[in-house]
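Structure record follows, encoded as structure tokens.
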Amino acid sequence: MLACRIFNNKYIMKVVDFSKTNSVLNKFLAEIRDVNIQNDRIRFRTNVQRIGEIIAYEISRELSYETQDVTTPLGIAEARVPSDQLVVAAILRAGLPLHQGVLNFFDDAENAFVSAYRKYNDDYNFDVHVEYIASPSIDDKVLVLCDPMLATGCSMELAYEALLAKGTPKKLHVVSLIASRQAIEYLEDKLPEDATVWVAAVDEFLNQHKYIVPGLGDAGDLAFGEK
């Protein structure tokens with residue numbers, strides 16, 4: 001389901017919230033939220049990858065395409081194939097399973113990695129730091145940026161800004177599991193106007209520690225173990 005916010009009669013950011021439609025993605029989302037299932041790390045990572053694959057398919061419908069001739073054993077067939085160059089980027093470490101799911105469909109894409117983490121000043125206040133980036137040129141390419149939890153939106157903003165040192169993308173797609181309403185509203189002013197945010201669900205609240213409620217907890221810990 002597409003939910004577009006409008007300013008001065010112009011779309012400024014498109015948000016695709018899959019929880020508003022019926023699909024098997026909602027089963028995978030329910031399982032990664034479920035405290036009775038979360039302790040199975042392999043299942044958690046697999047379900048996150050599955051969500052990434054479903055979102056990647058939907059993103060593929062918005063790419064540019066060209067026609068190619070394919071030689072079969074019996075003749076020539078025409079095929080419509082994507083013509084865009086893609087860079088799939090992950091915010092470490094929690095974004096890795098989601099990144100892999102997207103990459104399973106875009107297997108010829110280039111890859112980028114950004115480290116972003118919260119540095120707490122006290123129990124309730126923190127700054128987001130980016131310390132590492134490994135990326136090819138993203139100039140005039142489609143950038144797919146994966147971060148499982150969009151809580152405040154600050155990590156996504158800083159990761160995107162860091163990647164801009166590698167060029168200006170043709171199009172930005174943000175892929176996430178769960179976003180807070182606050183993060184969606186925050187990113188409207190921070191990402192390009194034609195960016196698309198693809199998210200399995202949008203939750204309404206952040207608690208005092210800036211964790212999404214009901215959310216699912218710490219995606220990185222659930223995928224790879226406690227830090």
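Nothing fancy with the numbering, it's 1 onward along the sequence. Heavy-atom basis, side chains included; hydrogens, waters and symmetry copies ignored.
Residues Tyr132 and Leu96 fall within the same hydrophobic cluster, defined by Ile, Leu, Val, Met, Phe, Trp and Tyr side chains chained together at heavy-atom separations under 4.5 Å. The cluster map of Ile, Leu, Val, Met, Phe, Trp and Tyr, joined by side-chain heavy atoms under 4.5 Å apart, puts Val24 and Leu29 in the same cluster. Hydrophobic clustering places Leu158 together with Leu164 (ILVMFWY residues linked when any side-chain heavy atoms are closer than 4.5 Å, directly or through intermediates).
Heavy-atom neighbours of Asp69 CG from other residues, nucleotides or ligands within 6.0 Å: above the threshold of 12. Heavy-atom neighbours of Ile76 CD1 from other residues, nucleotides or ligands within 6.0 Å: above the threshold of 12. More than 12 heavy atoms of other residues, nucleotides or ligands sit less than 6.0 Å from atom CD of Glu66.
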### Message
Could you walk me through whether Asp194 and Lys170 satisfy the salt bridge (Lys or Arg N to Asp or Glu O under 4.0 Å) test, starting with their C-alpha distance in whole Å, then the side-chain angles of each, then the deciding distance to 0.1 Å, before giving a yes or no?
### Response
CA-CA 10 Å; Asp194 64 345; Lys170 173 183 177 182; over 6 Å; no
### Message
Between Asp17 and Trp198, does the side chain to side chain contact (heavy atoms under 4.5 Å, CB included) criterion hold? Intermediate values first, please.
### Response
CA-CA 6 Å; Asp17 180 356; Trp198 306 80; over 6 Å; no
### Message
Quick one, Lys141 with Lys166, criterion side chain to side chain contact (heavy atoms under 4.5 Å, CB included). Give me CA distance, side-chain angles, the key distance, then yes/no.
### Response
CA-CA 11 Å; Lys141 299 174 184 176; Lys166 301 296 184 177; over 6 Å; no
### Message
Between Gln85 and Val142, is the side chain to side chain contact (heavy atoms under 4.5 Å, CB included) condition met? List the steps.
### Response
CA-CA 6 Å; Gln85 289 182 281; Val142 174; over 6 Å; no
### Task
Begin from the C-alpha positions of Lys14 and Glu62 and carry the test salt bridge (Lys or Arg N to Asp or Glu O under 4.0 Å) through to its verdict.
CA-CA 12 Å; Lys14 183 168 70 174; Glu62 299 201 356; 2.7 Å; yes
### Query
Between Lys27 and Glu31, is a salt bridge (Lys or Arg N to Asp or Glu O under 4.0 Å) present by the stated rule, with each step listed?
CA-CA 6 Å; Lys27 175 180 182 292; Glu31 290 184 355; 2.9 Å; yes
### Message
Does Asp218 form a side chain to side chain contact (heavy atoms under 4.5 Å, CB included) with Phe224? I'd like the steps, not just the answer.
### Response
CA-CA 10 Å; Asp218 189 307; Phe224 301 112; over 6 Å; no
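In this structure, the side chains of Tyr65 and Asp84 stay at 4.5 Å or more apart for every pair of heavy atoms. The shortest distance between side-chain heavy atoms of Thr196 and Lys171 falls below 4.5 Å. Within the 4.5 Å cutoff, no side-chain heavy atoms of Gln68 are placed close to those of Glu78. In this structure, Glu204 and Arg181 have side chains that are in contact, with non-hydrogen atoms separated by less than 4.5 Å. Here the side chains of Leu191 and Leu172 are in contact, with some heavy-atom distance below 4.5 Å. When side chains are defined from C-beta on, Tyr186 does not count as touching Thr152, because their heavy atoms never get closer than 4.5 Å. With contacts defined as side-chain heavy-atom distances shorter than 4.5 Å, the pair Leu145/Val175 does not qualify. Put simply, the side chain of Gln38 reaches to within 4.5 Å of the side chain of Leu216, judged on heavy atoms.
Of all the heavy atoms in Tyr160 and Pro169, the pair that sits closest is OH-CG, 3.9 Å. Residue Ala151 comes nearest to Leu206 through the heavy atom pair O-CD1, 3.5 Å, listed as atom of the first residue, atom of the second, then distance. Ala89 and Leu163 make their closest contact through CB-CD1, 4.1 Å (heavy atoms, listed as atom of the first residue, atom of the second, distance). The shortest heavy-atom contact between Ile133 and Ala162 is CD1-O, 3.4 Å. Nearest heavy-atom pair, Pro136 versus Ala112, reported as atom, atom and distance to 0.1 Å: CD-CB, 4.2 Å.
Gln100 and Asn104 are linked by a side-chain donor-acceptor pair at a separation below 3.5 angstrom, with hydrogens and angles left out of the test. Under 3.5 Å, the side chains of Ser137 and Asp139 contain no donor-acceptor pair of N or O atoms.
Interatomic distance, CG of Leu86 versus CD1 of Ile59, reported as 8.0 Å (0.5 Å rounding). In this structure, the separation between CD1 on Ile37 and CZ on Phe44 is 11.5 Å, given to the nearest 0.5 Å. The CD1 atom of Ile91 sits 9.0 Å away from atom SG of Cys146, with the distance rounded to the nearest 0.5 Å. For the atom pair Arg43 CZ and Leu222 CG, the distance stands at 13.5 Å (nearest 0.5 Å). If you take CD1 on Ile55 and OG on Ser60, they are separated by 12.5 Å, rounding to the nearest 0.5 Å. With values rounded to the nearest 0.5 angstrom, Phe113 atom CZ is found 9.5 Å from Ser135 atom OG.
Of the possible donor and acceptor atoms, none in the side chain of Ser176 sits under 3.5 Å from a partner among the backbone N and O of Ala179.
Ion pairing of Glu58 with Arg61 is present here, as a side-chain N (NZ or NE/NH1/NH2) and a carboxylate O approach within less than 4.0 Å. Remark: Asp203 engages Arg33 in a salt bridge, criterion side-chain N to carboxylate O under 4.0 Å.
The side chain to side chain contact (heavy atoms under 4.5 Å, CB included) test with Leu150 is passed by exactly one of Ile178, Leu187, Val202, Leu177: Leu187.
The aromatic rings of Tyr57 and Phe105 stand perpendicular to each other, their planes meeting at an angle above 60°, with 30° marking the opposite boundary.
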